[in-house]
Engineer: 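After the structure tokens below, expect a handful of questions from me.
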Amino acid sequence: MAEALVLRFRADRTPEMRDLAAATLLDFSTSAIHEISDEEWRVFLRDPAEQARAAEALRSWCDVTTLSVDDEDWARRSQQDLKAVTVGRVIVAPPWDLPRSDHLDRDDGHTIVIEPSMGFGTAHHATTRLCLRALQQIDLGGKLVLDVGTGSGVLAIAAAVLGAARVVAVDNDPDALAAARENVQRNGVSVELLLVDLRQAMLERADVVVANLTGALLQRSAAILSALARGGVLIVSGLLDEEVPAVREVFAPHSSHVAHDHESGWSSLTLTIP
Ligand code: SAH
């Protein structure tokens, strides 16, 4: 018997509330989110002791009830519904939905295998896709890339397969870093992984910095992130469309050019840092 949280979103406010609920779930050890419909999600937590706290935090965005599910294997099976996602020349695939080999052999295409349930970043979230898109608009050949908040490692692995000379990836969550390490090995690429907090570490400057965090953290970290990307490009995402003006404003003194992209209520900015 497994216990799921049932989240019901009000139809008139769903897109934003869903995103906020997803962001809230990042603070908990979520093992599976099953999207029954736009209005209803079922969420499994890896640690049942966290359930009451998660339910309380989620109540700001939706109605929360619990449901006993008569199947221990439910979470794993619901994950298996996840399919590969294609973003430009990159396919992000779970191990059970690898593209056919003729697809894999395309000269310009790259397949990355990411085990869902391990760290945020399967490309099923718009912000990951925005970053993957932005990375492909830059020639990464010979570049040093820094991935801040690597989660599953997806962006770091993408940078490596897209030709970066060196990739450094950091996260302050040990579970995310362990997931990233496994995914890096699985993909046979070279990524230097560091367990550090962006705001406390002395990180090396990079040619391209990608940071898929939150609007609030980006605003607090604008000076650090801009210094890390000095003379290069900084891609930031994880911000809601309505947070764009505030985030642009804090980065304005540090950047000479800004390109804005967005998908499903989420935004990314690609900043040129002189
Ligand atoms: N890069 C992945 C994951 C983004 S989720 C993707 O694009 O899909 C954001 C990640 O940032 C989480 O794994 C979280 O643990 C990490 N993070 C949050 N605050 C951080 C901080 N202050 N320093 C380092 N990593 C941080």
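Indexing begins at 1, ligand by ligand and atom by atom, following the structure's order. Worth knowing before you read on, the calculation uses all heavy atoms, side chains too, and leaves out hydrogens, waters and symmetry mates.
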Engineer: What is the closest protein heavy atom to atom 1 (N) of ligand 1, and at what distance does it sit?
Structural biologist: Gly149 O, 2.8 Å

Engineer: What part of Asp197 sits under 4.0 Å from ligand 1 if we count only heavy atoms: the side chain, the backbone, both or neither?
Structural biologist: both

Engineer: For atom 5 (S) of ligand 1, which protein heavy atom lies nearest, and how many Å away is it?
Structural biologist: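 Going atom by atom, the protein heavy atom closest to atom 5 (S) of ligand 1 ends up being Phe120 CD2, 3.3 Å.
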
Engineer: Between the side chains of Trp61 and Thr24, is a donor N or O closer than 3.5 angstrom to an acceptor N or O?
Structural biologist: yes

Engineer: Where is the nearest protein heavy atom to atom 21 (C) of ligand 1: which residue, which atom, and how far?
Structural biologist: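 Among all protein heavy atoms, the one nearest atom 21 (C) of ligand 1 is Asn172 ND2, 3.4 Å.
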
Engineer: Are His262 and Ser268 linked by a side-chain donor-acceptor pair shorter than 3.5 Å?
Structural biologist: no

Engineer: Do you see a donor-acceptor pair shorter than 3.5 Å between the side chains of Glu50 and Ser29?
Structural biologist: yes

Engineer: Is Arg133 paired with Glu263 through a side-chain N to carboxylate O contact shorter than 4.0 Å?
Structural biologist: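 Arg133 and Glu263: salt-bridged.
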
Engineer: Is any side-chain N of the basic residue among Glu204 and Arg166 closer than 4.0 Å to the acidic one's carboxylate O?
Structural biologist: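 So Glu204 pairs with Arg166 through a salt bridge.
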
Engineer: Quick check: does any side chain N or O of Asp171 sit under 3.5 Å from a backbone N or O of Thr150, one acting as donor and the other as acceptor?
Structural biologist: yes

Engineer: Is there a polar contact between ligand 1 and Thr128, counting only N or O atoms under 3.5 Å apart?
Structural biologist: yes

Engineer: Any idea which atoms of ligand 1 are less than 4.0 Å away from a heavy-atom of Asp173?
Structural biologist: 15 (O)

Engineer: State, to 0.1 Å, how close Leu234 and Ala229 come at their nearest heavy-atom pair, and which atoms those are.
Structural biologist: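 Heavy-atom minimum between the residues: CB-CB, 3.9 Å.
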
Engineer: Which of the atoms in ligand 1, numbered in the order shown and given with their element, are less than 4.0 Å from a heavy-atom of Val154?
Structural biologist: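 Those of ligand 1 that fall under 4.0 Å from Val154 are 6 (C), 8 (O).
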
Engineer: Answer yes or no: is there an ion pair linking Glu40 with Arg42, defined by an N-O contact shorter than 4.0 Å?
Structural biologist: yes

Engineer: Look up atom CD in Gln185 and atom OG in Ser190, then write down how far apart they are to the nearest 0.5 Å.
Structural biologist: 11.5 Å

Engineer: Nearest protein heavy atom to atom 19 (N) of ligand 1, by residue and atom, and its distance?
Structural biologist: Leu217 CD2, 3.4 Å

Engineer: Quick check on contacts: which atoms of ligand 1 are under 4.0 angstrom from a heavy atom of Val196?
Structural biologist: 23 (N), 24 (C)

Engineer: Measuring from atom CG of Leu217 to atom CD1 of Ile224, what distance do you get when rounded to the nearest 0.5 angstrom?
Structural biologist: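 One gets 9.0 Å once the value is rounded to the nearest 0.5 Å.
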
Engineer: Backbone, side chain, both or neither: what part of Val210 comes under 4.0 angstrom of ligand 1, heavy atoms only?
Structural biologist: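 Under 4.0 Å from ligand 1, Val210 contributes no heavy atoms.
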
Engineer: For Asn212 and ligand 1, does the shortest N/O to N/O distance drop below 3.5 Å?
Structural biologist: yes

Engineer: Could you tell me whether Leu213 approaches ligand 1 through its side chain, its backbone, both or neither, with non-hydrogen atoms closer than 4.0 Å?
Structural biologist: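 The answer is the side chain of Leu213.
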
Engineer: Test your reading of the structure: does Leu198 have an N or O sitting under 3.5 Å from an N or O of ligand 1?
Structural biologist: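 Leu198 vs ligand 1: N/O contact under 3.5 Å present.
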
Engineer: Could you identify the single nearest non-hydrogen protein atom to atom 15 (O) of ligand 1 and state the distance to 0.1 Å?
Structural biologist: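 Of every protein heavy atom, Asp171 OD1, 2.6 Å lies nearest to atom 15 (O) of ligand 1.
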
Engineer: Using a 4.0 Å heavy-atom threshold (strictly under), name the region of Thr150 that reaches ligand 1: side chain, backbone, both or neither.
Structural biologist: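 Near ligand 1, Thr150 shows its backbone, while the atoms from C-beta on stay back.
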
